[in-house]
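Count residues from 1 along the sequence.
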Amino acid sequence: MRLNKFSDVTFLFISLTLTSFSILLIFKLCDYGFDFTDEGYYLLSAKYANELPYKISYFDHLSSFLFNLFHENISFFRRGNIIFTLLIGINLTYICFSGSSIRLNFLSNDRFFRFSIIFLIASNFLNLISKVKIITPSYNSYSIHALILIASAIFLNSRDKFFSFFKTFLLVSGLIILILSKLTSAFAVILICLLYSQTLDYQNKKIIYISLVLSLMISIFIILSINNYSIHELFFRLKRSLELYDILKSNHSIRGMQTVIASSIFSMKFIYFICLILWTLSNFLILKTCNVLINKKKFDISFALKISPLLIVFIFPNNEVLELGFYFSLPIALFLITLYTKEYRNCISKQDIYQMIFILALPFCFVLGTNTNYFVSLMRASTFILLASFLYVLKLIFIVNKNKLKRNLKKFLIYSSLISSLFIYQSIVDININPYRQTPNLLGNNDLFAFGPSGSKLLLSKEFYSYLENISSEIQKNGFI
């Protein structure tokens, strides 16, 4: 599948440029700013992982290991989060596109197109950081990392002993990280893994069962060993933690999750559905007719419908309603075009559909137990929706015979890549302009402050610098250091 048209190459080049700039910018922002609330909690948890007696998440032990690995350097700790996210994102995308129906074509043809699609999807996992606006690793980032590893294991073919071992290793590692980070998400993923295993052959089913048992046993062993608990004490502390969370009106209990799910559904405004319909119609028309750019002198209503969402994104940047509509419209538009086009109906196997449903379920597992609106939180894991949609399109491209249909599908990939790259670019730029609970314009910070004995330095605003200097002075004056 080669890119023959100038517009194809141009669109991909713009997408790559936006994404590359976004990555460079977020790397630069690692040296700027500090949030005293959430980020402060994440760093204190990493520094004093054993000091909190009651908790339902043990992500602090993961952070403690990594924080010490980076010699308590906050900038390096942040950069490590970005690099690891990109690496495992590339790994997942490559594994997904190495399936038997895609490998012989996608991985052996146009290298520029191949590199672009893998890089753009993997980079989209930075949504996790850009939506939270906190680069420092947290239970949210570990949960996404875990889901990426689990998805990689599910898609990896266990064709020999090595791949079977690697598949088991990825699945066990992902489940352990998820159990330690976000127990509510872990329960949901275990359930969908059990359901998905019913569609597999004996060998792959056995790998999933063994991995589930091993991950549970190892997770419990890690928690007991690190905290020096007995089994009885572990369950007592977990019960007590849930009681405290319930008193504090947290939503990690079953009753709390029911409340957030209900409020999330009822908070959906009419504008959400308008955006969803607009995006779906735009994507459907792109899939139906390959011309994205107008080539007629007279007004073309089809062209207007296809291009209008892109214009709206430029006019209203960082709009969660628009972004939510875009990602959800992708699988809906693909479902509609499959029903509409008879050549597509019998192209996808049942196993391919099961795999894509598995990926589409992961964002919903991720948000389970969060305190914020579930639909808004889905944006942090929206790349799984993008990946499932692209995977579906690529399978169609290499199965259908008509060149016109292939061109339509390819245009859809390129156009969707451009939109998702634009969303990433806007959200990362917004970290600088409107940082989380900090003075606007992080890159305008000029005051260098050294944190703790490690001497980790960050550039802060004058207000934050003065505040920390006064605190440091008082601490030293009163003999705490």
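- The distance from atom OG of Ser329 to atom CG of Leu276, rounded to the nearest 0.5 Å, is 6.5 Å.
- For His71 and Phe76, the distance between ring centers is not under 6.0 angstrom.
- Ring pair Phe449/Phe451: centre-to-centre distance below 6.0 Å.
- Residues passing the side chain to side chain donor-acceptor pair (under 3.5 Å) test with Glu72 are Lys47, sequence neighbours excluded.
- If you check the side chains of Ser63 and Tyr142, you find a donor sitting under 3.5 Å from an acceptor.
- Using modelled atom types and a 3.5 Å distance limit, the side chains of Ser143 and Ser185 yield no donor-acceptor pair.
- Residues Phe384 and Phe125 place their aromatic rings such that the two centres sit under 6.0 Å apart.
- Salt-bridge check for Arg78 with Glu39: passed, with a basic side-chain N closer than 4.0 Å to an acidic carboxylate O.
- Aromatic rings of Phe34 and Phe36 (six-membered ring for Trp) have centroids within the 6.0 Å cut-off, being under it.
- Using cut-offs of 30° and 60° for the angle between ring planes, the Tyr139 and Tyr42 rings count as perpendicular.
- Applying the 6.0 Å contact sphere to OH of Tyr425 captures no more than 12 heavy atoms from other residues, nucleotides or ligands.
- Taking the ring axis of Phe59 as reference, the NZ or CZ atom of Lys182 does not stay both within 45° of it and closer than 6.0 Å to the ring centre.
- Ring geometry for Phe84 versus His145: interplanar angle over 60°, hence perpendicular rather than tilted (30 to 60°).
- Leu149 has its side chain within reach of Ile88: a pair of non-hydrogen atoms, C-beta onward, lies under 4.5 Å apart.
- For Phe155, the ring pair (Phe, Tyr, Trp, His ring centres under 6.0 Å) criterion is met by no residue, not counting sequence neighbours.
- Each of Asp31, Asn73, Ile74 was compared with Arg79 under the side-chain contact (heavy atoms from CB on, under 4.5 Å) criterion, and only Asp31 meets it.
- A side-chain N or O of Asn124 and one of Thr383 form a donor-acceptor pair less than 3.5 Å apart.
- Other residues, nucleotides and ligands place more than 12 heavy atoms under 6.0 Å from the OH atom of Tyr436.
- Ile83 pairs by the side-chain contact (heavy atoms from CB on, under 4.5 Å) definition with Phe27, Leu87, not counting sequence neighbours.
- The two atoms that bring Asp35 and Gln438 nearest to each other are N-NE2, 3.8 Å, heavy atoms only.
- Ser427 pairs by the side chain to side chain donor-acceptor pair (under 3.5 Å) definition with Ser130, not counting sequence neighbours.
- Of all non-hydrogen atoms in Ser75 and Leu458, the two that sit nearest each other are OG-CD2, 3.4 Å.
- Ile90 pairs by the side-chain contact (heavy atoms from CB on, under 4.5 Å) definition with Ile118, Ala122, not counting sequence neighbours.
- The salt bridge (Lys or Arg N to Asp or Glu O under 4.0 Å) test applied to Lys28 returns no partner, not counting sequence neighbours.
- Residues Cys193 and Leu212 approach most closely at CB-CD2, 4.4 Å, considering heavy atoms.
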